Amino acid sequence: MFSKILIANRGEIAVRIMRACREMEIPSVAVYSEADTHALHVRQANEAVLIGAAPARESYLNSTRIIEAALQTGCQAIHPGYGFLSENADFAADVQAAGLTFVGPSVEAIRAMGLKTEALRLMQAAGVPTVPGYQGGGDYGQAAEQIGYPVLVKAAAGGGGKGMRIVRATSELSEALAAAGREAQNAFGDGRVFLEKYIESARHIEFQVFGDQRGNIVHLFERECSIQRRHQKIIEETPSPFLDTDLRSRMGDAATEAARAVGYVNAGTVEFIVDKDFNFYFLEMNTRLQVEHPITEWVTGLDLVKLQIRVAAGEPLPFQQADVSQRGHAIECRVYAEDPANGFLPAIGTAERISEPSGPGVRVDSGLASGDEVSIHYDPMIAKLSVYGTDRVDAIARMRRALADYVISGLTTNLEFLAAVIDHPVFVRGEATTGFIEEYFGEWRSTLPPNPLSVYREGESNAIQNVGDPWARADGFRMGGGVTYTVGKGAKAITKRNIGQGENALAAAMPGQVTRVLIAEGDTVTRGQTLLLLEAMKMEIKISAPRDAVVRKLLCAQGQIVERGQTLVELA
């Protein structure tokens with residue numbers, strides 16, 4: 001077994017791996033950027049090494065500094081977590097070249113499955129069903145017409161919903177290809193994209209697979225991940241309420257065949273799309289541990305991180321397929337610092353107070369503690385809240401209670417939104433598809449008072465009444481944050497200003513970097529026209545014209561870092 005492991009990640013997944021190491025009595029080493037000097041994962045580690053400046057490309061994506069840190073601290077292995085360098089074949093190769101063990105699959109498997117277009121070809125050869133699509137090299141427009149709209153533009157490399165756009169008409173294709181390519185380049189360093197048929201009313205169901213160095217491969221059953229925003233999962237559950245015994249068996253067999261086709265070792269996930277007629281198609285394989293692994297741990301009783309470490313050290317899987325079974329039901333909600341009522345825009349700030357839910361069957365994997373900051377530089381996920389119940393009804397009730405008990409003050413979060421989703425009758429019936437959020441929550445707005453300290457009561461002329469102690473609330477309210485409320489005569493007019501949009505001045509809705517300037521002073525613009533592109537917290541944000549106008553002043557430049565609320569463009 002390893003004498004010391006370096007965790008090449010940050011946040012909740014770094015903390016999760018460190019806890020497993022501690023239980024195995026293996027010292028852990030954290031790496032951190034200048035922005036994470038006081039982060040929770042740094043405080044939890046036995047040792048910590050500063051590897052660079054705040055931007056990920058100068059720290060958590062700096063493979064040379066990470067490997068140097070591992071060698072300097074006497075580590076024998078590197079666990080990449082997920083995201084960052086976890087699916088980077090070159091990094092895995094460099095780790096091995098340095099005489100260290102990469103806690104994950106082989107370099108060859110990462111390469112084979114990392115480029116989605118190549119993975120699709122491999123799966124087709126292995127007899128695994130795949131979605132009709134086009135891998136590029138010619139006329140995308142013609143290919144889209146042949147496939148039939150709607151189509152999905154997807155990044156060839158990477159995952160996590162980055163570099164994806166749904167296109168429903170020829171007029172949208174060119175911009176979608178360009179935008180997806182830019183986002184993919186920024187996220188993965190590879191701007192290649194391809195097309196897939198977009199399957200409406202589909203289910204997103206994935207299978208956890210595991211292989212050892214002796215050729216044994218098993219699956220650990222499915223996770224349903226259909227509830228998504230911006231093509232990123234926010235709620236997952238297992239077992240899937242959609243699968244019957246026969247379909248589960250056939251999909252499990254296909255997942256293990258997919259893993260066997262590349263001689264897979266360690267933890268991986270085979271993702272499928274399932275249509276309303278119970279046809280399933282291979283989407284991609286994630287050659288790493290998944291964000292949602294806790295729910296698999298709940299229903300199988302296995303610790304996947306410990307299993308990863310043992311397999312990486314050369315130990316065989318301690319069970320065969322027939323030995324693994326599902327028991328009970330588990331649900332996970334991803335808690336983000338974001339504003340669901342404003343296009344799920346990420347939010348930054350300091351978590352003034354965090355009080356996590358607890359009790360039987362409740363688990364919180366978090367990388368944030370009271371007083372910690374959510375930074376512009378990284379993904380805005382705060383924690384993963386997962387629950388276990390004897391059945392699905394029990395698990396839903398437990399999640400409902402856990403969300404109500406979760407308090408995060410000082411940040412805008414999606415806690416209230418998650419609670420609304422869990423309560424929705426379509427979810428409760430187990431009928432949610434990948435279009436669920438768009439269909440039922442497109443116009444969702446918070447029902448909480450606009451100000452955590454006070455609320456204007458209609459009918460009580462020009463009166464503001466206190467609504468109680470905010471610290472006793474469990475709704476993740478926001479303190480301050482650039483929202484103003486104007487109370488009109490007779491208590492009828494309550495208006496809200498949404499930073500980033502206005503008739504004459506367009507401001508940044510959040511801190512970020514201006515990546516493209518598409519207009520100049522004096523230009524005539526039309527309503528909806530994209531004027532600027534910002535990049536913040538791993539996503540691209542459009543600044544669009546709210547009306548037909550003339551650009552009076554351009555107050556930013558390409559490459560400039562801007563603050564939340566900073567005016568970028570003035571219109572005449």
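No experiment lies behind these values; they were computed from the predicted model shown. Along the sequence shown, residues carry numbers from 1. Scope of the values below: all heavy atoms of this structure, side chains included, with no hydrogens, waters or symmetry mates.
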Between [X] and [Y], does any side-chain donor sit less than 3.5 Å from a side-chain acceptor?
| X | Y | value |
| --- | --- | --- |
| R65 | S59 | no |
| E416 | S446 | yes |
| S33 | E58 | no |
| Q320 | N216 | no |
| Q290 | R288 | yes |
| Y378 | D36 | no |
| R223 | H293 | no |
| Q228 | H204 | yes |

Using 4.0 Å as the upper bound for N to carboxylate O, is an ion pair formed by [Y] and [X]?
| X | Y | result |
| --- | --- | --- |
| E224 | R203 | yes |
| E222 | R248 | yes |
| K233 | E332 | no |
| R16 | D303 | yes |

message = Check whether Y336 forms a cation-pi arrangement with R229 (NZ or CZ under 6.0 Å from the six-membered ring centre, at most 45° off the ring normal).
response =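 Geometry flag: set, cation within 6.0 Å and 45°.
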
From [X] atom [atom1] to [Y] atom [atom2], the distance as rounded to the nearest 0.5 Å:
| X | Y | atom1 | atom2 | value |
| --- | --- | --- | --- | --- |
| M381 | R334 | CE | CZ | 6.0 Å |
| L368 | E356 | CG | CD | 9.0 Å |
| R363 | Y388 | CZ | OH | 14.0 Å |

request  = Can you establish whether the number of heavy atoms outside R327 located under 6.0 Å from its atom CZ is more than 12?
outcome  =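 No - once you tally the heavy atoms of other residues, nucleotides and ligands closer than 6.0 Å, there are 12 at most.
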
inquiry  = Around atom CZ of R260, are there more than 12 heavy atoms from other residues, nucleotides or ligands closer than 6.0 Å?
reply    =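 Yes, because the 6.0 Å sphere around CZ of R260 holds more than 12 heavy atoms from other groups.
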
query = What heavy-atom pair brings H377 and A35 nearest, and what distance separates the two atoms?
reply =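 Result for this residue pair: CD2-CB, 4.3 Å.
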
Check: F102 ring centroid to H79 ring centroid under 6.0 Å =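 No, too far apart.
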
Residue pair F417, F441: steps toward the ring pair (Phe, Tyr, Trp, His ring centres under 6.0 Å) verdict = CA-CA 9 Å; F417 179 82; F441 288 86; 5.3 Å; yes

